[in-house]
Undergrad: 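Below: one structure in C-alpha cells.
What you see is a predicted model; the values in this text were computed from it and never measured.
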Amino acid sequence: MAETGGHHIVIVGGGFGGLEAAHRLAAGPFRITVLDRRNHHLFQPLLYQAATASLALSEIAWPIRSLLRRHRNATTLLGAVCGVDPTQKAVLLDGGQRVSYDTLILATGARHAYFGHDEWEPYAPGLKTLEDATTIRRRILSAFERAEWQTEAQERRRLLTFAIIGAGPTGVELAGTIAELAHETLRRDFRHIDTREARVVLVEAGPRILAAFTEDLSAYAERALVRLGVEVRTGHAVSQCSADGIELGGEFLPAATILWAAGVAASPAAEWLKVPADRAGRVIVAPDLSVPGFPDIFVIGDTAHVAMADGRTVPGIAPAAKQEGRYVAGVIRARHDGKPAPKPFAYRNDGNLATIGKRAAIVDLGWIKLRGRLAWWTWGIAHVYFLIGLRNRLAVALSWLWIYSTGQRSARLITGMEAEPPERNQP
C-alpha cells in the first residue's frame, strides 16, 4: 500500500497503548495509520462482566474509527498483520498487502497460554476478546439449561460445576460473579434444579490467590470468595482438561464448564522481527521502548518486556500500556522536532484493584489499602471514569446500580450456534 506525504507512523493494535499513542501523535505533523484485525477497541478490565451476563458487549467496546474520526491525519485499516519487513520498512498483512512506515509501533497485545497444552483450549476457553466473552457466557448459561433437563443426579452435578483455572484478577472476578449468578440471579428462574447447588471451584497452582497483592489483601479476597460459596484450591496445578472435567493433584473433578485464566503469551512480534524475547514471548525492548537494532520500531503493552529498576518487569495491564503509548509518542515527537530524547521510560504504579462479586473488592494504592464495600465503590468509580464516552459511563453505572440493588443481570442471552463444549468421551 503506497503512501505519500509526511512522516508516516504505523500503529499495529487498537488497544490501550496503541490508541494512546495515536491520540498523542495526531496533534503533530504526522500521517498515522492504525491497523487492527478487529474494528473495535475493547475495555478488557470489564470483559469478564460481559462473559457473566452483567454488561452488554456494546457497553465495553467502541469502533476504532469513531474514536479517531476527529483526527484528519489518522487512518484506520482493518487487517491482520502477519509479519514485519524491517529492511524494507513495511508491515505485512495476511491478505498480501504491505503498508510502508517511517516509524512503527507494535501494540499487538497477548493471547492465551496453555503452558504447552494447546489441546486444552476447546475445553477451557480463555477471556481476551468479545468472541471469548460470548463463548463463555453461552457455556455458563447453557450449563444451567442442560441441567434443567437432566434427571441423572451425577450428570446434573457435573453440569452445575464450574472450574476456573488461575486466580489472578480475572479468575477471581469470574469465580465471584458466577457464584452470585447461581446463588442469587438465577435461583427463581428454574423449576427442576436449585441453582444454589452450583459448585464454583477456583484453582490456583501458587500458594495464594491474587499474588500481585499483599498477603493480607489476598487473604481477605479468599475469605470473601468463600462467603460467596466459591471453593478455593491453592497449591494445585491442573494436569488434564477434557470435556468431562479437570484433573488436579491426582484428583479428577467432573465439570461441564472450565474457564482458563492462568496465563498469557505475547503476540508473535518477536518472531516477526527475529529479535530476543522472554519466556512469555515478549520483545525485550531498550529503555526508550524501541527494539534494539531497530530504532524506528517501538513495542509497547503486553508485547513488550520492560525492565524496571528493581529487576521486575512492567505488568501487562491497561494503565501501563497507556503510559508506554504516551511515552513513545513523546520520544517520536522529540526526534522529529530535533529535541533531546526523554529520559528512559519509568513506570508509575497507580495501584492494583480487584473485585470479588458485587459487594466487595480490594484496592492497593501503595500508600493506602482498602477492602470491602468502600473498595468496591472505589473500584467501580475508577472503572467508570476510564470508560469512553458519557453514554457508556451512564449505561455501565446504571447497570451496576441495578445489579447491586436487585441482583438481576439483564444480559443473560445465549447467542451463537455452539451450545456446549466438544462432546464428552462416552463409556
Undergrad: Whether D216 and R371 form a salt bridge (side-chain N of Lys/Arg under 4.0 Å from carboxylate O of Asp/Glu) is what I want to check.
TA: yes
Undergrad: Please enumerate all residues that pass salt bridge (Lys or Arg N to Asp or Glu O under 4.0 Å) together with K322, with sequence neighbours excluded.
TA: none
Undergrad: Taking all atoms of both residues into account, what is the closest heavy-atom pair of A175 and V230, and its distance?
TA: O-CG2, 3.7 Å
Undergrad: Ignoring hydrogens and geometry, is there a side-chain-to-backbone donor-acceptor pair from D364 to N352 under 3.5 Å?
TA: no
Undergrad: Please set out all donor-acceptor pairs under 3.5 angstrom arising from side-chain atoms of residues 261-275, sequence neighbours excluded.
TA:
residue: S267; atom: OG; partner: T108; partner atom: OG1; Å: 2.5
residue: W272; atom: NE1; partner: C82; partner atom: O; Å: 3.3

Undergrad: Is it true that a side-chain atom of E247 and a backbone atom of F252 form a donor plus acceptor pair closer than 3.5 Å?
TA: no
Undergrad: Are L93 and V99 close enough, and set up right, to give a side chain to side chain contact (heavy atoms under 4.5 Å, CB included), and what steps lead you there?
TA: CA-CA 8 Å; L93 281 74; V99 179; 4.0 Å; yes
Undergrad: T195 side chain to A182 main-chain N or O, any donor-acceptor pair under 3.5 Å?
TA: yes
Undergrad: Nearest 0.5 angstrom please: L67 CG to H41 NE2, how far?
TA: 7.0 Å
Undergrad: Please determine if R282 and D302 form a salt bridge, counting it only when a charged side-chain N lies under 4.0 Å from a carboxylate O.
TA: no
Undergrad: Please list, chain by chain and in numerical order, all residues satisfying ring pair (Phe, Tyr, Trp, His ring centres under 6.0 Å) with Y347, sequence neighbours excluded.
TA: none
Undergrad: Is it the case that the side chain of R393 and the backbone of Y385 share a donor-acceptor pair, with hydrogens and angles ignored and the cut-off at 3.5 Å?
TA: yes
Undergrad: Going by the rule side-chain hydrogen bond (donor to acceptor under 3.5 Å, both in side chains), which residues pair with R326 if we only count those two or more places apart in sequence or in a different chain?
TA: E20
Undergrad: Over all heavy atoms of both residues, which pair between A286 and P292 is shortest? Give the atoms and the distance, please.
TA: N-CD, 4.0 Å
Undergrad: May I ask you to check whether over 12 heavy atoms, not counting those of Y114, lie within 6.0 Å of atom OH?
TA: yes
Undergrad: Applying salt bridge (Lys or Arg N to Asp or Glu O under 4.0 Å) as the test, list every pair that has at least one member in residues 113-136; sequence neighbours left out.
TA: R38-E131
Undergrad: Go through H8 and D102 one step at a time and tell me if the side chain to side chain donor-acceptor pair (under 3.5 Å) criterion holds.
TA: CA-CA 5 Å; H8 188 207; D102 295 307; 5.6 Å; no
Undergrad: Minimum heavy-atom separation for A334 and P340, please, with both atom names.
TA: CB-O, 3.7 Å
Undergrad: Name every donor-acceptor pair, under 3.5 Å, that has one atom in a side chain of residues 199-213 and the other anywhere in the protein, sequence neighbours excluded.
TA:
residue: R199; atom: NE; partner: E231; partner atom: OE1; Å: 3.4
residue: R199; atom: NE; partner: E231; partner atom: OE2; Å: 2.6
residue: R199; atom: NH2; partner: E231; partner atom: OE1; Å: 3.3
residue: E204; atom: OE1; partner: A167; partner atom: N; Å: 2.9
residue: E204; atom: OE2; partner: G206; partner atom: N; Å: 2.8
residue: R208; atom: NH1; partner: F213; partner atom: O; Å: 3.0
residue: R208; atom: NH2; partner: A211; partner atom: O; Å: 3.3
residue: R208; atom: NH2; partner: F213; partner atom: O; Å: 3.1

Undergrad: Are any non-hydrogen side-chain atoms of L46 and S54 less than 4.5 angstrom apart?
TA: no
Undergrad: Does a side-chain N-to-carboxylate-O contact under 4.0 Å join E180 and R187?
TA: no
Undergrad: Begin with the C-alpha distance, continue with both residues' side-chain angles, and end with the deciding distance and a verdict on side chain to side chain contact (heavy atoms under 4.5 Å, CB included) for T52 and L174.
TA: CA-CA 7 Å; T52 52; L174 280 170; 3.8 Å; yes
Undergrad: Drop me the distance from L353's CG to L365's CG, to the nearest 0.5 angstrom.
TA: 6.5 Å
Undergrad: About how many Å separate OG1 of T257 and CD1 of I136, when rounded to the nearest 0.5 Å?
TA: 10.0 Å
Undergrad: Supply the atom-to-atom distance S290 OG to L104 CG, rounded to the nearest 0.5 angstrom.
TA: 12.0 Å
Undergrad: Side chains of F345 and V306: closer than 4.5 Å at any heavy-atom pair?
TA: yes
Undergrad: Between L289 and V331, is any pair of side-chain heavy atoms under 4.5 Å apart?
TA: no
Undergrad: Between T415 and R137, is any pair of side-chain heavy atoms under 4.5 Å apart?
TA: yes
Undergrad: Can you list everything that forms a ring pair (Phe, Tyr, Trp, His ring centres under 6.0 Å) with Y48? Sequence neighbours excluded, please.
TA: none
Undergrad: For the pair D337 (side chain) and K339 (backbone), establish whether a donor and an acceptor sit closer than 3.5 Å, ignoring hydrogens and angles.
TA: no
Undergrad: I'd like to know whether K369 forms a side chain to side chain contact (heavy atoms under 4.5 Å, CB included) with V363, so could you lay out the CA-CA distance, the side-chain angles of the two residues, the decisive distance to 0.1 Å, and finally the verdict.
TA: CA-CA 6 Å; K369 295 180 177 62; V363 174; over 6 Å; no
Undergrad: Could you tell me which residues satisfy ring pair (Phe, Tyr, Trp, His ring centres under 6.0 Å) with H383, sequence neighbours excluded, listed by chain and number?
TA: W379
Undergrad: Where do L259 and I178 land on the side chain to side chain contact (heavy atoms under 4.5 Å, CB included) test, with the steps shown first?
TA: CA-CA 11 Å; L259 306 179; I178 293 172; 3.8 Å; yes
Undergrad: Is there side-chain contact between L181 and R412, with at least one heavy-atom pair below 4.5 Å?
TA: yes
Undergrad: Under the side-chain hydrogen bond (donor to acceptor under 3.5 Å, both in side chains) rule, collect the residues that match up with Q88, sequence neighbours excluded.
TA: none
Undergrad: May I ask you to decide if L253's main-chain N or O and T161's side chain share a donor-acceptor pair within less than 3.5 Å?
TA: no
Undergrad: Please find the pair of heavy atoms, one from P125 and one from I258, that lie closest to each other, and give the distance.
TA: CD-O, 3.2 Å
Undergrad: I'd like to check W260 versus I164 (side-chain heavy atoms, cut-off strictly below 4.5 Å). Are they in contact?
TA: no
Undergrad: Would you confirm whether T378, through its side chain, and L374, through its main-chain N or O, come within 3.5 Å as a donor-acceptor pair?
TA: yes
Undergrad: Would you please name every residue forming a salt bridge (Lys or Arg N to Asp or Glu O under 4.0 Å) with D310, sequence neighbours left out?
TA: R312
Undergrad: Without swapping roles, check the side chain of H71 against the backbone of H23 for a donor-acceptor pair under 3.5 Å.
TA: no
Undergrad: Can you tell me how far the OH atom of Y101 sits from the CZ atom of R98, to the nearest 0.5 Å?
TA: 10.0 Å
Undergrad: For residues I300 and A107, report the shortest heavy-atom separation together with the two atoms involved.
TA: CG1-CB, 3.7 Å
Undergrad: Do side-chain atoms of E251 reach the backbone of L248 as a donor and acceptor pair under 3.5 angstrom?
TA: no
Undergrad: Got a donor-acceptor contact below 3.5 angstrom from the S218 side chain to the T214 backbone?
TA: no
Undergrad: Of all residues at least two apart in sequence or in a different chain, which pass the ring pair (Phe, Tyr, Trp, His ring centres under 6.0 Å) check with F294?
TA: none
Undergrad: Do the ring centers of Y327 and F298 come within less than 6.0 Å of each other?
TA: no
Undergrad: Quick one: closest heavy-atom pair of I246 and C241, and the distance?
TA: CG2-SG, 3.9 Å
Undergrad: Check whether any side-chain heavy atom of T87 sits under 4.5 Å from a side-chain heavy atom of D85, and report yes or no.
TA: yes
Undergrad: Given side chains that start at C-beta, do those of T33 and I9 come closer than 4.5 Å, heavy atoms only?
TA: no
Undergrad: With sequence neighbours left out, write down each residue that passes side-chain hydrogen bond (donor to acceptor under 3.5 Å, both in side chains) with R70, or none if nothing qualifies.
TA: none
